[in-house]
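Heads up: the structure comes next, in structure tokens.
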Amino acid sequence: MDLARPDLRPDPSLSRAEMEDLQRDIAAAATFDDDHALDPATVAIDGAPPLADGLPPARDGAQERLGTESGAGDDHDPDAPVVAGIDQAFLTDRDDAPDAAVSAAVAFRDGDVIEYASATTPLSIPYVPGLLAFREGDSILAALDRLDADPDLLICDGSGRIHFREAGLATHVGVLRDAPSVGVAKNLLCGEPDEPTDERPEGWQTPVRADGAVTTAEPGTAIGHAFQSRQYPTSRRVNPLYVSPGHRVSAETAVDLVAALCAGYKLPEPTRFADGYADTAKRNAD
DNA sequence: GCGACAG
DNA sequence: ATCTTGTCGC
């Protein structure tokens, strides 16, 4: 699999206490600062097509190289950072019990999809809050491995630093690959928003600070943000997203990146596409 | 003992 | 996450 930190890859036979120990090691190996030049403006996505009619084809790199593409305004930047959105769907057995995880990775560059990849792996442990990475991590890493592109940024569906041991799914994946990563969760796992999050206007954000549930950080430490990515003018009922650093990104840059990747829907485009592709991959595998 | 908990 | 059609509101 060629991971940057194979030593931190979990063994399937780990006990719960050993998994928690490993998460503390992963959090210690993680950095929650910007050690790179990922400018939100260079990864921004504009178009937000409805996915009801299916996913758009990946942009053909070969055609680009041959210069056969035609039409004005069709110039893409081949040197723009590659952003990969990742999401999962699950296969169930006869008794409708979760059986395998189907991970989908969709790579974007300069606003367009350049590649789709997926992988199906057996589920080893049940869902346990705080241990999600041990259930879905291998599947995600396998899907990323099948990508020809080497993403400059990973957008994961779940928490990063907003986690009991500051080692959520996004941190886990980011550290094992040593890639910048951001966690985007639809629900708050732990921590406390600075302000109430109800009925906020689009674009609003507030820090999420560590509370007693975060055992590895001083209470009050900023570990992420609540971010209102979408809101309707009249009826106020969209919940905010909970954005946190995975690895090699600060809490501030993490929200800025997610804001730049949102293009009219609640979820950032890479996540929305990965969600759709996970369903497609699930149907084809089943 | 009670509460609380990503996907 | 998953089982699932229509439906209420912009």
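Labels below follow one simple rule: chain letters A, B, ... track the order of the sequence lines, proteins then strands, and each chain is numbered from 1. Being a predicted model, the structure only gives us computed values, none of them experimental.
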Side chains of A:S15 and A:E18: any donor to acceptor distance under 3.5 Å?
yes

Could you verify whether a donor N or O on one side chain and an acceptor N or O on the other, from A:R165 and A:Q23, lie under 3.5 Å apart?
yes

Using a 4.0 Å heavy-atom cut-off, does [X] contact any base of the nucleic acid, only the sugar-phosphate backbone, or nothing at all?
X      : result
A:L241 : nothing
A:A89  : sugar-phosphate
A:I162 : nothing
A:Y242 : nothing

Nearest to side-chain heavy atoms of A:L169, which nucleotide of B:dA6, B:dG7, C:dT2
B:dA6

Tell me which nucleotide among B:dG7, B:dC5, C:dC3 gets nearest to the side chain of A:P129.
B:dC5

Separation of atom [atom1] in [X] from atom [atom2] in [N], rounded to whole Å:
X      : N      : atom1 : atom2 : value
A:F90  : B:dA6  : CZ    : C1'   : 11 Å
A:E166 : B:dA6  : CD    : P     : 18 Å
A:Y127 : B:dC5  : OH    : P     : 10 Å
A:L123 : C:dT2  : CG    : P     : 11 Å
A:D138 : B:dG7  : CG    : P     : 20 Å
A:R283 : C:dT2  : CZ    : C1'   : 16 Å
A:Y265 : C:dC10 : OH    : P     : 19 Å
A:K266 : C:dC10 : NZ    : P     : 19 Å

Ring-face cation of A:R135 near A:Y127 (centre distance under 6.0 Å, axis angle within 45°)
no

Considering just the side-chain nitrogens and oxygens of A:N187, establish if one lies under 4.0 Å of OP1 or OP2 belonging to B:dG7.
yes

Examine B:dA6: is either OP1 or OP2 under 4.0 Å from a nitrogen or oxygen in the side chain of A:K186? Give yes or no.
no

Would you check if A:Y232 stacks with the base of C:dG9, given a 5.5 Å centroid limit and a 30° plane limit, both strict?
no

For A:R237 and A:D275, take the nucleotide of DNA chain C holding the closest heavy atom to each; which residue's nucleotide lies nearer the 5' end?
A:D275

Centroid-centroid under 6.0 Å between A:F273 and A:F108 rings
yes

So does A:K186 pair up with A:D157, basic N to acidic O under 4.0 Å?
no

